[in-house]
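Only one structure is covered here, and it is reproduced in the block below.
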Amino acid sequence: MTQLVEQARKAQVNARAQYSHFQVGAALETADGCIFTGVNVESSSYGLSICAERVALFKALSEGENRFVRLVVATESDPPCPPCGACRQLLWDYARGIEIILMGKTGEPVVTTIEELFPKAFGSEDLH
Ligand code: THU
C-alpha cells in the first residue's frame, strides 16, 4: 500500500486543476500488482473535466486490465474526500470488490470499499 500511496502523491502534482485548484492524484492497483495512476484534468468548458479516479481506471482498462484490488485517492482536503458519483458508478461497473484508500492533507487514511460508497447501485445486471 505504501507504494500505491507514493504513486498517487507523485501523480497529484501533475493534476491539471487550473480552474478549481483542487489537485487530485489516484493510483489503481491491478490483481497482478501493476499500478495505473491518474490526475484530474480540467477543461475551459468546465463540464468536460474528468476526475483522477476515472483517468486511472480508463488508462488501465484501455491497456486490457480488468482485475483490480485497490485504489488510492490523494487530495489536500481534510478530512480526505471520497470519489464523486460518476467515479463511483464507473468503479462499480469495472472494479467491484476493490478497497479504496482516501488520503487527505494530514492524518490517517480512510479505508473504505466501493460497496460501502455505492449502495443500491445500478449495474449491468439491471439491463438483463
Ligand atoms: N475531483 C477528482 O478528481 N476526484 C475526486 O474524487 C473529487 C473531485 C476533481 C474534479 C475537479 O477537477 C476537481 O476535483 C474539483 O471538483
Side-chain angles (χ1 to χ4, degrees):
M1 183 175 121
T2 314
Q3 207 198 343
L4 207 60
V5 171
E6 281 172 9
Q7 292 289 307
R9 284 287 184 213
K10 200 172 155 201
Q12 194 185 350
V13 301
N14 295 327
R16 305 303 293 264
Q18 58 270 49
Y19 303 104
S20 71
H21 305 290
F22 190 75
Q23 294 194 296
V24 187
L28 179 64
E29 184 181 346
T30 69
D32 53 8
C34 293
I35 296 176
F36 290 83
T37 60
V39 299
N40 51 329
V41 181
E42 298 182 348
S43 169
S44 55
S45 179
Y46 296 168
L48 299 180
S49 303
I50 184 168
C51 296
E53 295 92 321
R54 270 174 290 156
V55 170
L57 179 64
F58 292 163
K59 280 170 68 178
L61 292 173
S62 67
E63 296 294 326
E65 299 288 348
N66 57 17
R67 293 192 306 134
F68 304 105
V69 291
R70 203 164 287 110
L71 172 73
V72 169
V73 183
T75 63
E76 296 306 308
S77 63
D78 191 17
C81 85
C84 78
C87 291
R88 292 181 201 204
Q89 180 68 58
L90 266 298
L91 291 168
W92 179 254
D93 289 334
Y94 289 104
R96 262 178 229 190
I98 57 163
E99 185 176 64
I100 299 178
I101 296 121
L102 309 171
M103 304 290 307
K105 190 180 178 66
T106 55
E108 289 301 298
V110 172
V111 181
T112 182
T113 62
I114 188 60
E115 283 72 16
E116 185 178 41
L117 289 175
F118 204 49
K120 300 195 175 106
F122 174 80
S124 57
E125 27 319 57
D126 295 303
L127 296 171
H128 300 136

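All ligand and atom numbering here is 1-based and tracks the order in the structure. Here the structure is a predicted model, which is why all the values come from computation and not from measurement.
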Q: Measure the distances from the heavy atoms of Pro83 to every atom of ligand 1 and state whether one is below 4.0 angstrom.
A: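 It does; at least one heavy atom falls under 4.0 Å.
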
Considering only protein heavy atoms, which is closest to [atom], and at what distance to one decimal place?
atom	result
atom 16 (O) of ligand 1	Phe22 CD2, 4.7 Å
atom 9 (C) of ligand 1	Asn40 ND2, 3.5 Å
atom 7 (C) of ligand 1	Cys81 SG, 4.2 Å

Q. Does Arg88 pair with Glu116 as a salt bridge, N-O distance under 4.0 Å?
A.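 No salt bridge links Arg88 with Glu116.
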
Would [X] count as a polar contact of ligand 1, with the cut-off being nitrogen or oxygen pairs under 3.5 Å?
X	result
Ser49	no
Ala52	yes
Ser20	no

Test your reading of the model: is there a side-chain donor-acceptor pair from [X] to the backbone of [Y], 3.5 Å cut-off?
X	Y	value
Glu42	Tyr19	yes
Glu53	Pro82	no
Thr113	Glu99	no

Q) Is any side-chain heavy atom of Leu117 less than 4.5 Å from a side-chain heavy atom of Pro83? A)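 Touching, per the 4.5 Å side-chain cut-off.
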
Q) Between Ala26 and ligand 1, which residue portion shows a heavy-atom distance shorter than 4.0 Å: side chain, backbone, both, or neither? A)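 Neither; nothing of Ala26 gets under 4.0 Å from ligand 1.
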
Q | Part of Cys51 with heavy atoms under 4.0 Å of ligand 1, whether side chain, backbone, both or neither | A |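 Contact part for Cys51 vs ligand 1: both backbone and side chain.
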
**Q.** Donor + acceptor pair across side chains of Gln12, Glu76 (<3.5 Å)
**A.**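 Short answer, yes.
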
Q. Does the protein place any heavy atom closer than 4.0 Å to atom 14 (O) of ligand 1?
A.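 Given the 4.0 Å limit, the answer for atom 14 (O) of ligand 1 is yes, a protein heavy atom qualifies.
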
Q.
Closer than 4.0 Å to some heavy atom of Glu53 - which atoms of ligand 1 meet that?
A.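 Checking each atom against Glu53, I get 2 (C), 3 (O), 4 (N), 5 (C), 6 (O).
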
Q: Identify, by atom number and element, the atoms of ligand 1 in contact range of Glu42, meaning under 4.0 Å from any of its heavy atoms.
A: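 Listed by number with element, the hits are 11 (C), 12 (O), 13 (C).
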
Q) Would one find more than 12 heavy atoms of other residues, nucleotides or ligands at under 6.0 Å from atom CD of Glu115? A)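 For Glu115, atom CD is crowded (more than 12 foreign heavy atoms under 6.0 Å).
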
Q) Got a sec, which residues hit side-chain hydrogen bond (donor to acceptor under 3.5 Å, both in side chains) with Arg96, two or more places apart in sequence or on another chain? A)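 Only Glu125 meet the side-chain hydrogen bond (donor to acceptor under 3.5 Å, both in side chains) criterion with Arg96.
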
